[in-house]
2 protein chains.
Amino acid sequence: MSVKKSRSPSMRRQPQQTRSQERVNHILTAAEELFMEVGYEQTTTRAIAARAKVAVGTLYQFFPDKEAILKALATRYFQAEYQLFAALHTPEAESLSLGDYVDRVIDAFDHFMNSQPGYRAVYEQLLNLMTYSAVEAMDDYEYRIVDELAAFFARLNPDLNAEKSQTIALIVVKVVGDLLWLSASQTPAQQRSLIAETKVLMLSYLDRYLGDRMG
Amino acid sequence: MSVKKSRSPSMRRQPQQTRSQERVNHILTAAEELFMEVGYEQTTTRAIAARAKVAVGTLYQFFPDKEAILKALATRYFQAEYQLFAALHTPEAESLSLGDYVDRVIDAFDHFMNSQPGYRAVYEQLLNLMTYSAVEAMDDYEYRIVDELAAFFARLNPDLNAEKSQTIALIVVKVVGDLLWLSASQTPAQQRSLIAETKVLMLSYLDRYLGDRMG
DNA sequence: AATAAAATATGAACAGTGTTCATATTAATA
DNA sequence: TATTAATATGAACACTGTTCATATTTTATT
């Protein structure tokens, strides 16, 4: 069992040879497969090494510990998630009606979560490691999404001060993330009504602040 | 590392002698202290036994595994949480204005979370064990709260069918829980504005369904 | 009160984990 | 080709949750 480390680098040694690059990828895909099959806790570093056709020691040459492997996988998904957000918040998006905006964003993230097979398994386990102080643990990418969403809101309604738009953005990101996450573990019918209701929730809320700016 | 068990009873043997009753309590308080001090994962069954002045084996005489100890602690908090909910949803509550109702409920749960010192540490770690299928893991108490809240809403607005009021209740419980949880890890100033904003969110949303029934 | 039987407590032993590090192997350089 | 640096290996280590034969304590019986 690993002891809390102050701040370990995500990689122990940058792979310099192309052969090593491949090995790192093998390790990551092997780990992702196993995390999806039996979960993070039940996945053994020995099992990862075995599936990647590598010795345990090799694993620790690239990753300081088991947690770092999960984080490396999570980073890939967070990057994709951020890019999805960015693509949805171009200047053109500011001229949408509020209803269309909410529809687009929630449908897009819903689709993202369901289309990426490994996303759920990785994200689920990542939450477990982010125990102490959710703020500190909140990944850089989620921070950036909140910041940029706050700026997006402030642009639409300049009456919102920085603090207020930040709080609104934080609530939107957290609530939508939470409800989409919840919907993922429901029957398709429940899933549909939950997502429809999430849109109602966001629409009702944002209408207070952006109602007269966005259709 | 424990293997997934199909469905283990929460207790291995009911303590029949008063001496055993005390021991179980000693074990639980020792475990709670340690979970708060170093977290669930870092807490060793040996450490729990040592602090409770008991042998490791004794621990396993009452609890099938480490997880059961956490669950026993969690049950205490869930019961208290349910009773808080029940106290807030008496027939008299139906005659409150929507604003007063939201204020009361959110303030009460906010106070509950901050006044119970062990609640956060236990709940945080409990979330980690509820990985697979949040629905199945959702404790009986939370289920009951959603059900009764749905009934409360349906009583206020009989136009809401069972399915709809259930979805609304689920969203309210999840969102309020999530945002209060988030606020717990913020600075006092952020905490205040986040809670105020949570009220705005709930008010905006519930107004759609209960606006003409509750003030 | 003494004894037998049942209930309860104990902690060394077990099987398994994440991680390390002296050693062997491979690649780069001279 | 010989030398040196980089990389790969897996047995060994420290520690974990859990068990179970044994010792102790309580209860029941004589």
Side-chain angles (χ1 to χ4, degrees), chain A residues 1-6 8-28 30-31 34-35 38-73 125 128-129, chain B residues 1-6 8-28 30-31 34-35 38-73 125 128-129:
Chain A
M1 220 104 286
S2 72
V3 157
K4 267 279 173 293
K5 293 153 295 300
S6 53
S8 57
S10 66
M11 274 222 186
R12 189 160 268 185
R13 170 167 65 76
Q14 272 319 306
Q16 293 170 0
Q17 309 179 355
T18 55
R19 185 169 50 100
S20 294
Q21 292 271 13
E22 287 168 19
R23 297 210 136 196
V24 172
N25 279 334
H26 276 134
I27 291 169
L28 282 176
L34 285 165
F35 291 167
V38 299
Y40 173 77
E41 301 260 10
Q42 301 290 332
T43 298
T44 273
T45 51
R46 283 167 177 78
I48 298 173
R51 186 169 297 201
K53 292 196 177 72
V54 148
V56 235
T58 305
L59 221 123
Y60 284 88
Q61 202 133 27
F62 297 109
F63 301 99
D65 52 27
K66 194 184 165 189
E67 203 174 304
I69 299 173
L70 183 69
K71 282 184 178 168
L73 286 171
Q125 299 300 338
N128 296 1
L129 302 179
Chain B
M1 220 105 285
S2 73
V3 157
K4 268 278 172 296
K5 291 155 295 300
S6 53
S8 56
S10 65
M11 274 222 187
R12 187 160 270 187
R13 169 168 65 77
Q14 272 320 306
Q16 292 170 1
Q17 310 178 354
T18 54
R19 185 169 52 100
S20 294
Q21 293 271 13
E22 287 168 21
R23 296 210 136 196
V24 172
N25 279 333
H26 276 134
I27 291 169
L28 283 176
L34 285 165
F35 291 166
V38 300
Y40 172 77
E41 301 260 9
Q42 301 291 333
T43 298
T44 273
T45 51
R46 285 167 176 77
I48 298 173
R51 185 168 298 201
K53 291 196 177 74
V54 147
V56 235
T58 305
L59 221 125
Y60 284 88
Q61 203 134 27
F62 298 109
F63 301 98
D65 52 27
K66 192 183 164 189
E67 202 174 304
I69 299 174
L70 183 69
K71 283 184 178 169
L73 286 170
Q125 299 301 339
N128 296 1
L129 301 178

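Just the heavy atoms: all of them, side chains too, but no hydrogens, waters or symmetry mates, feed the values below. Because the structure is a prediction, the values reported are computed rather than measured. The sequence lines fix the lettering, A, B, ..., with proteins before strands; numbering per chain opens at 1.
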B/Ile27 and B/Phe62: which non-hydrogen atoms are nearest, and at how many Å?
CD1-CD1, 4.2 Å
Using whole Å, what does the distance between atom P of nucleotide D/dT9 and atom NZ of A/Lys53 come to?
13 Å
A/Gln61 CD - D/dT9 P separation (whole Å)
9 Å
Let me know the distance between OH of A/Tyr40 and C1' of C/dT17, rounded to the nearest Å.
12 Å
Would you check, one step at a time, whether the test side-chain contact (heavy atoms from CB on, under 4.5 Å) holds for A/His26 with A/Val54?
CA-CA 9 Å; A/His26 276 134; A/Val54 148; over 6 Å; no
A/Thr43 vs B/Ala55, nearer the 5' end of DNA chain C by closest nucleotide:
B/Ala55
Map every base of DNA chain D to its dot-bracket character, where paired means a Watson-Crick or G-U wobble contact with both distances under 3.5 Å and | marks a partner outside the strand.
|||||||||||||||||||||||||||||.
Determine: side-chain N/O of B/Tyr60 to OP1/OP2 of D/dT18, distance under 4.0 Å, yes or no.
yes
Just how far, in rounded Å, is C1' of D/dG17 from CG of B/Leu70?
15 Å
Whole-Å distance, A/Lys66 NZ to C/dT20 P, equals 15 Å
What's the spacing between A/Lys71 NZ and A/Asp65 CG if we round to 0.5 Å?
7.5 Å
Looking at A/Lys53 and A/Arg23, what are the two nearest heavy atoms and their distance?
O-NH2, 4.4 Å
Provide the closest heavy-atom pair for B/Ile48 versus B/Ala30 in the form atom of the first, atom of the second, distance.
O-CB, 3.9 Å
Could you work out which one of D/dT9, D/dG17, C/dT10 sits closest to the side chain of B/Arg23?
C/dT10
Take atom CD1 of A/Ile27 and atom C1' of D/dA8, then tell me their distance rounded to the nearest Å.
11 Å
Expressed in angstrom and rounded to an integer, what is the separation of A/Leu59 atom CG from C/dT17 atom C1'?
14 Å
Could you go over nucleotides 11-13 of chain D and give all protein N or O partners under 3.5 Å, atom names and distances?
from	atom 1	to	atom 2	distance (Å)
D/dA12	N6	A/Arg46	NH2	3.3

What heavy-atom pair brings B/Thr43 and B/Lys66 nearest, and what distance separates the two atoms?
O-NZ, 2.9 Å
Taking all non-hydrogen atoms of both residues into account, name the closest pair between A/Leu28 and A/Ala72 and its distance.
CD2-CB, 3.9 Å
Atom-to-atom span, CZ of A/Phe63 to P of C/dG18 - whole angstrom
15 Å
Between C/dG18, D/dA8, D/dT16, which one does the side chain of B/Thr44 approach most closely?
D/dT16
Can you identify which nucleotide, out of C/dT19, D/dT9, C/dA9, has its nearest atom closest to the A/Asp65 side chain?
C/dT19
Closest approach of A/Leu59 to A/Thr45 (non-hydrogen atoms, all atoms of both residues):
CD1-O, 3.8 Å
